[in-house]
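These notes concern the structure reproduced below.
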Amino acid sequence: MGISLSALGRTLVLTATLLSLISLPFGNAIAELSKDEQNCINALNKRGRLLTKTIALDVNNCVKDFAKGKIGSADACAFSDPKDKVQKARDNTIKDWDKKCVGKGVAPPSIGPSDPNSIIAESETKESNIVTRLFGTLDGSIKTEATDKFESKCQQTILKDALKCQDFKLLEFLNCKKFALKANKAPVLAGIMTAQELQDECLGTGTNGQPDAKQKIAKACNLPGAKPDKIRKDLDKKCVGKDVVLASAFGGGECAAAAGSIEDMANCIDAIVECEVCEYLNTIDNLSRDCDLFDNGTADGSCADVVVIPEECPTQLAFTTGLPGGNCGRINDAADGTGNDLDPFPVDPNGIGDLTLECSNLYIGGGSSAQPPSATPNNGTQITEVVGFSGGLCEIGPSNGTGPDDCTFQGCPFGPPLPIPNPDSPPVSTCVVNTLAQDMVGTVDPNTGEQIMTVVLDSAVFLTSSLIACPQCIANLCVGGDNNGGACTTTNTELTSNACPPSSTASLGSLLVNLSPLSNGDASSSAADGLFCPSQFVPGCFANGTCRYMETLGTNPGPLGGASTLSSTFCIAATGNGLVDATASLPGPGAITLKGSNVITP
């Protein structure tokens with residue numbers, strides 16, 4: 001822990017002042033903010049703390065009244081300011097700003113609140129976050145005393161303790177800051193002048209916690225041992241001592257997993273409060289304290305913003321690929337796409353017409369490519385979850401899905417192995433095993449269902465030299481590859497399975513393939529000289545040397561889900577195998593569409 005100002009005590013002030021004056025040239029004053037600046041900063045910080053305290057009192061009273069059956073909804077009451085006390089605290093914050101800051105000609109200070117509105121907004125947000133993280137919704141978690149008296153009392157007590165704990169943390173910070181702003185006060189003899197100095201002195205650094213020389217914070221929040229803090233005492237006496245099951249009392253909040261013991265529960269509650277206090281002070285005092293280290297001394301992601309996701313966002317999306325077929329794009333001989341549509345391959349192996357890109361097919365290579373399009377395996381599923389909301393769009397993040405075949409974290413497979421046979425030259429047939437090189441993220445429009453995804457693949461290429469380009473799963477057994485004879489399942493018509501990888505001896509290494517953005521909108525790429533990609537040396541695309549434009553067509557599923565087509569145009573690097581690269585005209589462009597269905601879980 002860093003040196004605490006309060007630990008040195010005011011008895012050192014005179015000695016420190018004399019020493020500091022001896023060390024300075026005669027007549028030089030020690031730098032400090034002006035008195036008006038200090039008064040402005042201290043007044044606003046004080047008002048912020050009083051506002052949080054007032055809101056906390058309202059929350060506690062609402063929970064108490066709900067538990068006693070006096071009101072029908074604790075959630076509706078908690079932040080509604082039933083007695084107008086919060087509004088009065090807001091008004092006083094603005095009055096002090098006008099009187100002690102603006103009225104004194106003080107510009108917004110660099111190490112304090114820059115305006116009263118930010119204090120008001122952050123104070124209310126912090127209190128709401130603590131309540132939400134401890135209980136989820138109050139109405140859904142708080143028991144009434146008529147239903148379960150002891151569990152209800154336990155919940156009321158611990159909520160009150162947690163909000164009291166955060167008040168001690170704020171009070172100690174403000175006392176530290178007020179003292180540190182003054183010059184001639186040991187050990188910061190020159191007076192704190194920057195946000196970094198304030199942060200280091202009053203919030204600690206790295207994994208060190210907030211300075212607490214007199215253990216006021218510890219006694220209220222986190223003091224294990226023979227004489228524990230208030231939270232531990234009450235968890236023991238008011239909860240466990242009354243046969244309250246902690247997992248039931250706190251099952252709606254973030255500490256449900258810590259409900260196995262008083263110690264784990266107390267640490268979880270304190271970490272939540274520390275996180276919120278840290279983020280509050282960062283915002284209003286222009287600090288940059290690492291709150292993830294501050295809350296529990298570990299970089300474990302425990303201090304993350306509480307995300308409010310509106311009801312119109314789904315909770316989960318599952319996209320499943322379908323069978324190939326139909327028109328999903330074109331190539332053109334003009335860079336703006338207004339020229340002549342071209343045949344993507346001299347002989348179309350799919351027989352669907354020369355001037356289209358077939359849905360659910362992968363097209364690769366430059367103008368001399370002899371690699372015909374390859375159908376993507378059907379019934380491959382990728383599951384993602386909605387994790388946030390911003391700018392009217394639901395934010396998509398990775399999911400564990402139902403298991404390793406449909407998860408979307410880094411390292412998860414992107415569908416089953418993809419066979420790329422070459423009927424004209426079987427020795428250059430390959431099997432590609434795609435895994436996610438990073439977590440799958442993106443957005444979905446809740447009104448239209450339009451998805452825009454960031455998808456980067458680690459594509460492992462295997463030279464299998466067979467028209468059956470990938471090992472197959474037949475009768476639930478792998479045929480070929482490293483797991484030959486091993487158990488497997490498959491649901492795609494290509495009979496490929498992630499349980500049946502190609503032989504490692506056939507590996508040509510891996511390529512990083514960036515499909516981003518992969519969306520159910522249209523995608524296009526153009527090149528006036530026909531060189532679509534870095535290092536591409538054969539102009540054109542997909543066996544047509546005059547290609548200067550490519551376009552893939554996506555379709556939106558709508559807000560309720562349904563048929564959808566994802567599309568992307570991208571670049572593919574060389575594999576390093578001269579025969580494969582020459583045959584496929586790599587490095588060069590790529591185009592893919594994935595026709596399927598999107599199941600949206602409300």
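At least one side-chain heavy atom of Glu276 sits under 4.5 Å from a side-chain heavy atom of Ile130. Counting heavy atoms from C-beta outward, Lys126 and Gln166 have side chains that approach closer than 4.5 Å. The shortest side-chain heavy-atom distance between Gln316 and Ser399 falls under the 4.5 Å cut-off.
Considering every non-hydrogen atom in both Ser248 and Glu151, the closest pair reads OG-OE2, 3.0 Å. Taking both residues in full, the closest heavy atoms of Ser123 and Gly48 are given as OG-O, 3.6 Å, listed atom of the first, atom of the second, then distance.
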Decide yes or no on disulfide bond (SG atoms under 2.5 Å apart) for Cys202 and Cys176, but give the supporting numbers first.
CA-CA 6 Å; Cys202 295; Cys176 175; 2.1 Å; yes
Working note: Asp148 + Ser152, criterion side-chain hydrogen bond (donor to acceptor under 3.5 Å, both in side chains); need CA distance, chi angles, decisive distance, verdict.
CA-CA 6 Å; Asp148 192 322; Ser152 179; over 6 Å; no
Test log, rule disulfide bond (SG atoms under 2.5 Å apart), inputs Cys278 and Cys303
CA-CA 9 Å; Cys278 177; Cys303 188; 6.0 Å; no
Stepwise side chain to side chain contact (heavy atoms under 4.5 Å, CB included) test for Phe66 and Leu138
CA-CA 9 Å; Phe66 175 76; Leu138 292 173; over 6 Å; no
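Separating the CD atom in Gln382 from the OG1 atom in Thr408 is a distance of 7.0 Å, to the nearest 0.5 Å. We find the CZ-OG1 distance between Phe79 and Thr125 to be 9.5 Å, quoted to the nearest 0.5 Å. Interatomic distance, CG of Asp236 versus CD1 of Ile262, reported as 4.0 Å (0.5 Å rounding).
A donor atom on one side chain and an acceptor atom on the other are found under 3.5 Å apart for Ser302 and Asn296. Asn45 and Lys177 share a donor-acceptor pair across their side chains, judged by distance under 3.5 Å alone.
Other residues, nucleotides and ligands contribute only 12 or fewer heavy atoms inside 6.0 Å of the NZ atom of Lys100.
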